[in-house]
Amino acid sequence: QVQLVESGGGLVQAGGSLRLSCAASGRTFGSYAVGWFRQAPGKEREFVAAIRWRNGYTFHADSVKGRFSISRDIVKNTVLLQMNSLKPEDTAVYYCAASNDGGLFGQYDYWGQGTQVTVSS
């Protein structure tokens, strides 16, 4: 089992940048896929981006493509989400999640507690 801890959220003006981190404890990400999701008040949870730890393959949702970038730090066993050109509609609680089977689009088995990102206009 892996425990996930997100960090890096905060308040930023539109057009600014933030970098979120997802650190794993209990084991390495190994064969997992790691994804970022977000949920805004009154809205359903939305997929943002994911990475397959083993080979670094990534996928980004159309809503963030070209602005957000997911990556991994193998030494620190951490997944990063670099968010640039932030918009007020990016405001949400961002969650990190890990999938046992390495699939980017299937079930995610472990979830972090979430970190708030607020973008002011």
Side-chain angles (χ1 to χ4, degrees):
Q1 186 167 345
V2 62
Q3 291 79 44
L4 305 176
V5 179
E6 303 99 333
S7 62
L11 173 64
V12 65
Q13 288 188 333
S17 298
L18 284 174
R19 188 174 74 169
L20 304 183
S21 296
C22 175
S25 62
R27 59 158 289 168
T28 64
F29 281 125
S31 60
Y32 287 10
V34 181
W36 284 99
F37 296 78
R38 66 186 181 186
Q39 188 165 21
K43 295 188 177 181
E44 293 188 353
R45 186 171 60 200
E46 175 189 17
F47 171 87
V48 175
I51 185 167
R52 184 173 294 126
W53 186 263
R54 178 178 294 162
N55 60 11
Y57 174 81
T58 64
F59 186 88
H60 298 77
D62 286 345
S63 59
V64 305
K65 199 171 295 183
R67 301 188 298 121
F68 292 11
S69 178
I70 190 171
S71 62
R72 73 195 198 283
D73 185 325
I74 295 174
V75 173
K76 295 182 178 179
N77 200 39
T78 299
V79 171
L80 305 170
L81 184 68
Q82 179 66 42
M83 306 186 295
N84 299 326
S85 302
L86 282 160
K87 304 175 181 180
E89 51 263 45
D90 294 317
T91 295
V93 177
Y94 283 70
Y95 297 91
C96 171
S99 168
N100 269 328
D101 65 6
L104 272 63
F105 309 111
Q107 176 179 310
Y108 280 78
D109 305 287
Y110 308 105
W111 292 82
Q113 81 287 353
T115 185
Q116 176 71 46
V117 171
T118 303
V119 184
S120 63
S121 58

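Only a predicted model underlies this, so the values are computations on that prediction, with no experimental measurement involved. Side chains are part of it too, since the values below use all heavy atoms of this structure and drop only hydrogens, waters and symmetry mates.
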To check you understand the geometry: which heavy-atom pair defines the closest contact between [X] and [Y], and what is its length?
X	Y	value
Phe47	Phe37	CA-CD2, 3.6 Å
Leu20	Met83	CG-CE, 3.7 Å
Ala33	Gly103	CB-O, 3.6 Å
Ala14	Ser121	CB-CA, 4.4 Å

Is the shortest side-chain heavy-atom distance between [X] and [Y] below 4.5 Å?
X	Y	value
Arg52	Ser31	no
Phe68	Asn84	no
Leu80	Arg19	yes
Gln116	Thr91	yes
Val119	Gln13	no
Arg67	Asp90	yes
Leu18	Val117	yes

Hydrophobic clusters here meaning ILVMFWY residues chained together by side-chain heavy-atom distances under 4.5 Å, can you tell me if [X] and [Y] are in one?
X	Y	result
Val12	Tyr94	yes
Tyr108	Trp36	no
Ile74	Val5	no

Step by step, would you call Glu6 with Ser21 a side-chain contact (heavy atoms from CB on, under 4.5 Å)? CA-CA 5 Å; Glu6 303 99 333; Ser21 296; over 6 Å; no

For Lys65, give me all partners under side chain to side chain donor-acceptor pair (under 3.5 Å), at least two apart in sequence or on another chain.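 Residues passing side chain to side chain donor-acceptor pair (under 3.5 Å) with Lys65: Asp62.
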
Rounded at 0.5 Å granularity, tell me how far [atom1] in [X] sits from [atom2] in [Y].
X	Y	atom1	atom2	answer
Ser99	Gln107	OG	CD	7.5 Å
Arg72	Cys22	CZ	SG	14.5 Å
Arg38	Glu89	CZ	CD	8.0 Å

Are Thr115 and Tyr95 close enough, and set up right, to give a side-chain contact (heavy atoms from CB on, under 4.5 Å), and what steps lead you there? CA-CA 7 Å; Thr115 185; Tyr95 297 91; over 6 Å; no

Has His60 got a side-chain atom pairing as donor or acceptor with Ile70's backbone, closer than 3.5 angstrom?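 Present.
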
Do the rings of Phe29 and Trp53 sit parallel, tilted or perpendicular, given the 30° and 60° boundaries?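 Phe29 and Trp53: tilted rings.
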
Which of these, Asn100, Val79, Ile51, sits in a side-chain contact (heavy atoms from CB on, under 4.5 Å) with Tyr32?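 The option that passes is Asn100.
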
Could you go through the side-chain contact (heavy atoms from CB on, under 4.5 Å) check for Gln3 and Tyr110 one step at a time? CA-CA 7 Å; Gln3 291 79 44; Tyr110 308 105; over 6 Å; no

Centre of Trp111's six-membered ring, under 6.0 Å away, within 45 degrees of the axis: is that where NZ or CZ of Arg45 sits?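 Yes, cation above the ring, under 6.0 Å and within 45°.
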
Can Cys96 and Val34 be said to form a side-chain contact (heavy atoms from CB on, under 4.5 Å), step by step? CA-CA 7 Å; Cys96 171; Val34 181; 3.8 Å; yes

